[in-house]
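The structure appears below as structure tokens.
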Amino acid sequence: MRYTGPKNKVARREGQDLGLKTPGSNAHASLLRRINILPGAHSQKRRKKPSEYGLQLREKQKVRSIYGLAERQFKRYFVAALAKKGRTGQAFLQTLESRLDNVIYRLALAPTRASARQLVGHGHVQLNNKKVNIPSYLVSKDDLITLDAKGLKIPAVAKLLEEKNPHLPVWLERKGPVGKVVKIPEREEIEGEIDEQLIVEYYSR
């Protein structure tokens, strides 16, 4: 199942801002103030050096939280990456980054991946001028992505579109509300503090 509990609790457990809260919101500010405090009444007593397995498990859980995936789907992506030629970890991350909901987020058309997933699920996303309502849809090179008229009027989206120089990864570009997949990213072009090798080791046990 996909985790639906407090998102700040997840980020504090990892000690990182995982992009689960809208930047600039009160909830995000609260997270940044407490990011280094483990959740729970006795959090300080629980601090100890994790085992090798513990490191692998935490990295897997962290990346699952970042992309908002259930374990079954997350593992399915890994198994598919394992069958591809080349580096398994890179293929795995490329698949996660190619999800339509993640691309909407990376294009700065939604403040979080969760809100991007809602935009897709509610039918506001158009891919190559056709409505796509499947968040897990995998985009391809040269795909064009935008939102419908109702989606563009959503306050959080409209606010993002007012930004003159949004931060976009090098494998994407955007002109106004229209984004384009320039290419599928190489490993060094995937942003975020992720050690995919730990995940490979976890599933290879």
Side-chain angles (χ1 to χ4, degrees), residues 1-23 27-106 111-117 134-139 169 171 184-205:
M1 293 179 61
R2 181 185 295 123
Y3 177 78
T4 57
K7 295 177 181 177
N8 277 6
K9 184 177 180 179
V10 174
R12 287 169 55 201
R13 184 183 299 125
E14 306 302 340
Q16 294 180 27
D17 182 0
L18 304 180
L20 306 180
K21 290 292 185 178
T22 301
H28 186 247
S30 174
L31 168 63
L32 295 182
R33 288 194 300 268
R34 307 175 68 194
I35 193 68
N36 293 317
I37 302 175
L38 283 170
H42 304 289
S43 59
Q44 298 303 317
K45 294 181 181 180
R46 295 205 309 270
R47 288 186 184 276
K48 60 181 180 178
K49 186 177 181 180
S51 65
E52 183 178 351
Y53 169 77
L55 287 172
Q56 296 165 355
L57 176 62
R58 286 262 48 88
E59 191 68 12
K60 176 187 76 77
Q61 296 295 76
K62 181 186 80 175
V63 177
R64 267 189 59 206
S65 297
I66 288 173
Y67 291 95
L69 301 179
E71 173 63 26
R72 181 179 296 181
Q73 188 172 32
F74 192 76
K75 186 175 182 180
R76 187 162 64 242
Y77 285 146
F78 179 82
V79 172
L82 196 62
K84 295 181 179 180
K85 293 182 179 180
R87 291 180 291 171
T88 297
Q90 173 173 300
F92 179 57
L93 291 183
Q94 286 175 325
T95 300
L96 295 176
E97 285 291 303
S98 297
R99 283 176 53 100
L100 183 57
D101 55 359
N102 177 74
V103 174
I104 291 291
Y105 168 71
R106 292 293 197 192
T112 65
R113 289 181 178 85
S115 57
R117 187 176 299 113
I134 303 172
S136 61
Y137 181 93
L138 299 181
V139 303
W171 55 281
I184 300 303
E186 298 297 329
R187 174 60 188 98
E188 61 272 14
E189 297 169 335
I190 297 175
E191 300 176 357
E193 297 180 31
I194 295 175
D195 187 344
E196 68 274 16
Q197 185 57 35
L198 288 175
I199 302 173
V200 173
E201 292 170 0
Y202 175 86
Y203 283 123
S204 299
R205 287 178 299 111

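Everything numeric in this text was worked out from a predicted model, so none of it was measured.
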Student check: side-chain heavy atoms of Glu59 and Ile194 closer than 4.5 Å: yes
Under 3.5 Å donor-acceptor, Gln94 side chain and Pro185 backbone: yes
Full working for side chain to side chain contact (heavy atoms under 4.5 Å, CB included) between Ile66 and Arg113: CA-CA 8 Å; Ile66 288 173; Arg113 289 181 178 85; 3.5 Å; yes
Residue pairs involving residues 80-91 (criterion salt bridge (Lys or Arg N to Asp or Glu O under 4.0 Å); sequence neighbours excluded): none
Cationic tip of Arg205 above Tyr202 ring, under 6.0 Å, 45° of axis: yes
Gap between atom CD of Gln90 and atom CD1 of Ile184 - 0.5 Å precision: 11.5 Å
Sub-4.5 Å side-chain heavy-atom contact between Tyr203 and Lys60: yes
Spacing of Leu82 atom CG and Ser204 atom OG [to the nearest 0.5 Å]: 6.5 Å
Worked check of side chain to side chain contact (heavy atoms under 4.5 Å, CB included) between Phe78 and Leu96: CA-CA 10 Å; Phe78 179 82; Leu96 295 176; over 6 Å; no
Closest heavy-atom pair and its distance - Tyr77, Ser136: OH-CB, 3.6 Å
Side-chain heavy-atom pair Arg187, Leu93 within 4.5 angstrom cut-off: yes
Counterpart residues, side-chain contact (heavy atoms from CB on, under 4.5 Å), relative to Leu138 (two or more places apart): Thr95, Ser98, Arg99
Ring centres under 6.0 angstrom apart (Phe74, Phe92): yes
Contact check, side chains of Tyr137 and Asp101, non-hydrogen atoms, under 4.5 Å: no
Glu188 atom CD, over 12 foreign heavy atoms within 6.0 Å: yes
Verdict with reasoning, Arg76 to Val79, per side chain to side chain contact (heavy atoms under 4.5 Å, CB included): CA-CA 5 Å; Arg76 187 162 64 242; Val79 172; 5.8 Å; no
From Gln197 atom CD to Gln56 atom CD, the distance as rounded to the nearest 0.5 Å: 9.0 Å
Donor-acceptor pair between Arg64 and Gln61 side chains, under 3.5 angstrom: yes
Under 3.5 Å side-chain donor-acceptor pair for Glu97 and Tyr67: yes
Side-chain touch Leu69/Val63, heavy atoms, less than 4.5 angstrom: no
side-chain contact (heavy atoms from CB on, under 4.5 Å) against Pro50, all qualifying residues, sequence neighbours excluded: Leu55
Lys62/Glu193 under salt bridge (charged side-chain N to carboxylate O under 4.0 Å, His left out): CA gap, chis, key distance, verdict: CA-CA 10 Å; Lys62 181 186 80 175; Glu193 297 180 31; 5.7 Å; no
Any Tyr105 side-chain heavy atom under 4.5 Å of Leu100 side chain: no
